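Each remark here refers to the structure printed beneath this line.
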Amino acid sequence: MRVFVTTFPRNALPWLVLMCCTLVPSTPSAVEITRFKLTGYSAFLETLTRYDENRTKRAGGEATRERSPKSQRRLGGTTQGYIYHPNLVRMNLSGSLLFDQRSFKQDNGVETDDSGIAWDIGTNFDFLSNKPYPFSLFLHRTHPLIFTGESDSFSQEYTRFGLKFSLLQPFSPVNVKTEITRDMREGEGPNVIEDNTTDQFSTSLDYPILWSQHSQLGYDLIRSNDRSGNPNLAIREVSNLNHRVNLINRWVIGDRQQYVVNNQATYNLVDRPNRQHFRLAPNFTWHHNDRMRSVYDYNFNMTTRDDDSAYSNDARARLHLTLSDRLFGSAGVHTTFAEAGSSQSQTYGADTRAVYTQPTPIGDLTLNGAVGVDFNNQEATTSQTTVVDEAHELSSIRFDPLNNNFVIAGSVVITNTTRTQTFREGVDYALRLTGAQTEVIIIIGGAIDLSGDDNVLINYNFETGGSFSFYTLSSNLGANMTVARYYQLFARITDRRQ
């Protein structure tokens, strides 16, 4: 028996790897083939010095002074390189350090010094980037130190890693893109705890079907576990699993491509709370000529949660006209039919608008006007209806009204968006009744975050008012003057009658 053994020299390994990775022809390029090559790098240094001084004088008292000097220095750099060949593995590495130091001094002798270091790092490995089957591995981690006051700070660690993989034409009959990621946020401060982990699997198929110029079918699987909130209030752990399917189509038809059809269909399934949502939104645009076009929209939404369901149909049509280089106008009609619980509502109406611009020696003058009429009809078999998960972004300086009037006293329940915490009336927020409208405001010092990015969810019951019909006639006029590109003068008149 004969045994044949073939050996390769060690220096031939890069050539073999490169040959295996270039089965699909590509444009040749003269690059150096080596185990590792650094192709570029950069470094930077940023510095910031800031001094704040606040003087306060109360009636009958002496003036007090508070001083807060701050200093920041950021040092970082980026590098680029490849392994064996740029078409095989490309590498990107970036990172920086932020040195933050600040102090807080008062005339009464109180002095606080605070400093911290924030760091971030990012790594990307791109494999076969110029081939129809590329994939990437990435890791990004930041550790910012966020100051929430003169001496309080909130330290957050954010980590995101995962991979991306694609199968593209002509290797695959359809373009397939897949991404798998994990996001982790952790941190703790005097008034906030961050503890969230989100895993996501996303894939999409991109291929024109039914003579469309663009069609994409996507699927997302999202699993999240959250235990974030204010440490001064009870926090409950919430886990969610979300399935989402999305279909997007686009057609351009006609010898002048004057007909454009867009359609989007979305289906969401969430397990906690058990909720399903379906949305269908086709749009048709007809470019009649250079000065006239018409737009037609339809929007269907259906939401089911446990034993409750709600749906709405909305249809709109609008004609846009360019009467001259300075005069523009439009006219439209619309209708809406919605059903939620035991109530049904119908709305239909029409409106027209006009805009005129005129250059003047001191700036551009814009005049606008609009007139509209709406007819509303509601039929309800019960006197009350429940609203679930109405989203709001609350403020501590202004009251935010709820979307429905005649809210039942004592029925308002406010939670954070992840539902890990239920806030307290009179401690975290306050309610105000203005006529038939209920308004909400944040109480400073409560558990609701004041950063401006924390939306809340509000549940409540309201009186439907039974069955009724009415119409609304509205009109408005406006004038706007732009002076020297930096200043604007305007006047508006609005009239609304029912």
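One-based numbering along the sequence shown. Predicted, not measured: the structure shown is a model, and the values here were computed from it.
Side chain to side chain, Asp364 and Thr482 fail the donor-acceptor criterion of an N or O pair below 3.5 Å. A donor-acceptor pair shorter than 3.5 Å cannot be found between the side chains of Arg185 and Thr197. In this model, no donor atom of one side chain and acceptor atom of the other lie less than 3.5 Å apart for His214 and Gln216. When only modelled atom types and interatomic distance are considered, Asp183 and Thr198 share no side-chain donor-acceptor pair under 3.5 Å.
The heavy-atom pair separating Arg419 from Val238 by the smallest distance is O-CG2, 3.5 Å. Scanning both residues, Asn225 and Ser239, for their nearest heavy atoms gives ND2-OG, 2.7 Å. The two atoms that bring Ile441 and Ser395 nearest to each other are CG1-O, 3.2 Å, heavy atoms only. Between Ser330 and Arg318, the shortest heavy-atom contact is OG-NH1, 2.9 Å. Between Leu168 and Pro134, the shortest heavy-atom distance links the atoms CD1-CD, 4.3 Å. In terms of heavy-atom proximity, Thr420 sits nearest to Ser228 at OG1-O, 2.6 Å.
Here OG of Ser215 is found 9.5 Å from CG of Leu217. Values are rounded to the nearest 0.5 Å. Leu93 CG to Tyr41 OH: the interatomic distance, rounded to the nearest 0.5 Å, is 15.0 Å.
Residues Glu179 and Phe165 are not in side-chain contact: their nearest non-hydrogen atoms beyond the backbone lie 4.5 Å or more apart. For the pair Leu98 and Glu46, the minimum side-chain heavy-atom distance is 4.5 Å or more.
In this structure, Asp290 places its CG atom where only 12 or fewer heavy-atom neighbours from other residues, nucleotides or ligands lie under 6.0 Å away. With a 6.0 Å radius and a threshold of 12 heavy atoms from other residues, nucleotides or ligands, Phe44 has its CZ atom above the threshold. Residue-environment remark: CZ (Phe36) exceeds the threshold of 12 foreign heavy atoms within 6.0 Å.
Note that Lys164 lies in the cation-pi zone of Phe138, set by a 6.0 Å cut-off to the ring centre and a 45° limit from the axis. At least one cation-pi condition fails for Arg90 and Tyr82: the charged atom is not both under 6.0 angstrom from the six-membered ring centre and inside a 45 degree cone around its axis. Taking the ring centre of Tyr158 as origin, the terminal cationic atom of Arg160 falls outside the region bounded by 6.0 Å and 45° from the ring axis.
In this structure, Arg316 does not pair ionically with Asp297, as no charged nitrogen and carboxylate oxygen lie closer than 4.0 Å.
For Phe278 and Tyr267, the ring centers sit 6.0 Å or farther from each other. Between Tyr429 and Phe423, a ring centre-to-centre spacing not shorter than 6.0 Å is recorded.
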Q) What's the verdict on salt bridge (Lys or Arg N to Asp or Glu O under 4.0 Å) for Arg398 and Glu439, showing C-alpha distance, side-chain angles and the deciding distance? A) CA-CA 9 Å; Arg398 68 178 184 277; Glu439 301 172 325; over 6 Å; no

